[in-house]
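Below is one structure; the comments refer to it alone.
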Amino acid sequence: MAGIAAANHRYRGREITAADILYIEELIAANPGASRRTLSKKLCEAWEWRQPNGALRDMVCRGMLLMLDRAGEIVLPPVSYVRHNPLAQRARPAPMLLDTTPITQRLRALQPLEFQQVRRTSDEPLFNGLMEEHHYLGYEQPVGEHLKYLVWAQGRPVACLAWSSAPRHIGSRDRYIGWSGEARRGNIRFLAYNTRFLILPWVRVEHLASHILSRMAARISADWEAVYGHAIYFLETFVDPERFRGTCYRAANWQLLGLTTGRGKDDQTGRPNRSIKEVLGYAVHRRFRQLLSESTK
């Protein structure tokens with residue numbers, strides 16, 4: 001059995017004390033033959049470690065246990081089996097056969113626009129296929145909390161938007177909000193990150209993109225709460241200035257917060273290794289700073 005740690009560890013903002021490690025060792029000893037997954041669920045239940053929607057933070061807990069095992073603080077049981085990962089060999093979304101007749105009328109003539117949240121619906125493959133075929137970054141399956149939208153006009157899709165959980169740390173955004181590290185760790189779930197925005201290439205309607213962003217900002221918090229049980233107070237996105245000017249975001253009153261470092265979340269060198277992007281943000285709630293800075297204890 002591993003010994004008690006001389007120094008505390010941290011994982012995903014949680015401090016892991018010597019007493020915590022002793023508890024985990026006793027849990028492993030009390031459940032001989034239990035799998036790593038079973039141990040993780042038991043620990044989540046004992047610590048009341050849950051997501052805002054009430055589900056156990058099983059994957060986060062397993063990552064913490066693996067970290068402690070690698071650090072020599074605990075000894076996990078051997079891996080009992082290797083789970084098939086369908087994402088590792090996921091087939092790319094198939095191209096979609098659609099009417100590509102140009103849409104060029106004025107925005108007023110295109111109304112009313114219909115916003116459809118398509119995650120876990122029969123239209124999700126349409127969204128995936130359009131992103132794969134027409135977005136310059138292609139389709140990427142989001143992880144964590146996320147929503148996908150199709151925007152329709154006169155029975156035809158005209159745009160796609162994807163939103164996901166926000167990155168844990170962006171210096172310019174964190175300075176703009178003014179929250180502490182503790183508040184950020186506890187309240188990051190109240191931010192949504194616009195990972196993809198696509199106006200279909202045969203759609204050329206002036207002011208459409210900024211209009212869609214404004215409409216999205218007015219509804220996304222309610223949609224997120226309906227799916228995940230909590231509101232959204234702030235939106236953010238990245239714009240690559242080498243490709244785009246971000247005109248539609250600025251026209252929809254998004255604010256330039258600063259620039260990324262160009263290092264990525266897993267950087268170990270401290271040097272830029274990718275393009276530096278503009279960070280844009282939009283306050284969904286007028287008291288966003290106060291709400292995001294509140295203690296979660």
Side-chain angles (χ1 to χ4, degrees), residues 8-17 20 43-45 47-64 67 117 119 142-149 161-196 213 216-238 249 252-261 263-267 277-297:
N8 292 351
H9 294 268
R10 296 191 70 84
Y11 188 80
R12 294 288 187 93
R14 182 187 178 98
E15 185 175 14
I16 312 301
T17 66
D20 291 333
L43 185 59
C44 285
E45 291 169 350
W47 285 2
E48 284 295 316
W49 208 357
R50 297 180 181 274
Q51 302 175 39
N53 63 4
L56 297 176
R57 292 187 179 273
D58 179 44
M59 294 302 295
V60 174
C61 187
R62 273 189 265 176
M64 180 200 68
M67 177 199 73
Q117 201 294 106
R119 186 188 176 199
V143 296
E145 297 182 349
H146 66 277
L147 297 180
K148 301 176 180 178
Y149 289 87
L161 300 96
W163 301 83
S164 70
S165 303
R168 292 192 298 274
H169 176 68
I170 303 174
S172 57
R173 171 252 279 161
D174 296 338
R175 289 188 293 271
Y176 182 81
I177 293 174
W179 52 6
S180 66
E182 177 187 349
R184 174 175 55 81
R185 290 187 290 271
N187 295 329
I188 191 68
R189 66 185 184 276
F190 298 119
L191 274 64
Y193 169 44
N194 180 207
T195 58
R196 295 284 192 276
L213 287 170
M216 277 277 13
R219 65 170 293 163
I220 192 168
S221 181
D223 289 351
W224 211 279
E225 188 157 18
V227 176
Y228 293 111
H230 66 84
I232 292 294
Y233 303 141
F234 195 80
L235 307 176
E236 64 188 26
T237 196
F238 297 158
Y249 289 95
N253 295 320
W254 287 56
Q255 303 296 311
L256 175 63
L257 310 184
L259 301 175
T260 64
T261 62
R263 296 198 300 267
K265 65 180 181 179
D266 297 321
D267 170 64
K277 298 178 177 63
E278 293 179 336
V279 182
L280 300 180
Y282 184 91
V284 175
H285 197 290
R286 61 183 179 84
R287 294 192 299 113
F288 71 98
R289 285 192 175 94
Q290 176 185 341
L291 293 168
L292 292 174
S293 297
E294 290 177 350
S295 173
T296 57
K297 289 185 177 180

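Keep in mind that the numbers below use all heavy atoms, side chains included, and drop hydrogens, waters and symmetry copies.
When all heavy atoms of R168 and I188 are compared, the closest pair comes out as O-CD1, 4.1 Å. Here the closest heavy-atom approach between residue P167 and residue F238 is recorded as CG-CZ, 4.4 Å. What you find for P142 and K148 is that their closest heavy atoms are CD-CE, 4.0 Å. Of all the heavy atoms in S165 and Y193, the pair that sits closest is O-CB, 3.8 Å. Taking both residues in full, the closest heavy atoms of Y282 and A217 are given as CE2-CB, 3.5 Å, listed atom of the first, atom of the second, then distance. In terms of heavy-atom proximity, E15 sits nearest to D20 at O-OD2, 3.5 Å.
Distance check: I232 CD1 to E225 CD gives 9.5 Å after rounding to the nearest 0.5 Å. For the atom pair S293 OG and R184 CZ, the distance stands at 12.0 Å (nearest 0.5 Å). Interatomic distance, NE2 of H146 versus CH2 of W224, reported as 8.5 Å (0.5 Å rounding). The CD atom of Q117 sits 4.5 Å away from atom CG of L147, with the distance rounded to the nearest 0.5 Å. The CH2 atom of W49 sits 7.0 Å away from the CG atom of L43 when rounded to the nearest 0.5 Å.
At least one donor-acceptor pair under 3.5 Å links the side chain of T260 to the backbone N or O of K277. For the pair R173 (side chain) and L257 (backbone), a donor-acceptor distance under 3.5 Å is absent. Panel note: side chain T237, backbone L280; no donor-acceptor pair is recorded below 3.5 Å. In terms of modelled atom types and a separation under 3.5 Å, the side chain of D58 and the main chain of C44 share no donor-acceptor contact. Judged by distance alone, with hydrogens and angles left aside, the side-chain atoms of N194 form a donor-acceptor pair with the main-chain N or O of A162 at under 3.5 Å. For the pair E145 (side chain) and S164 (backbone), a donor-acceptor distance under 3.5 Å is absent. Of the possible polar contacts, none joining the R189 side chain to the H230 backbone as a donor-acceptor pair under 3.5 Å is found.
At least one side-chain heavy atom of L161 sits less than 4.5 Å from a side-chain heavy atom of L213. Side-chain contact between Q255 and Y176: present, with at least one pair of heavy atoms (C-beta onward) separated by less than 4.5 Å. Residues L259 and E278 have side chains in contact (heavy-atom distance under 4.5 Å, counting atoms from C-beta outward). Between L291 and F234, the closest side-chain pair of non-hydrogen atoms is not below 4.5 Å. By the 4.5 Å heavy-atom criterion applied to side chains, Y233 and Q290 are not counted as neighbours. Taking the side chain as every heavy atom from C-beta outward, T195 and W163 never approach each other to under 4.5 Å.
A donor-acceptor contact closer than 3.5 angstrom links the side chains of D223 and Y149.
Partners of R119 according to the salt bridge (Lys or Arg N to Asp or Glu O under 4.0 Å) rule, which considers only residues two or more places apart in sequence or in another chain, do not exist here.
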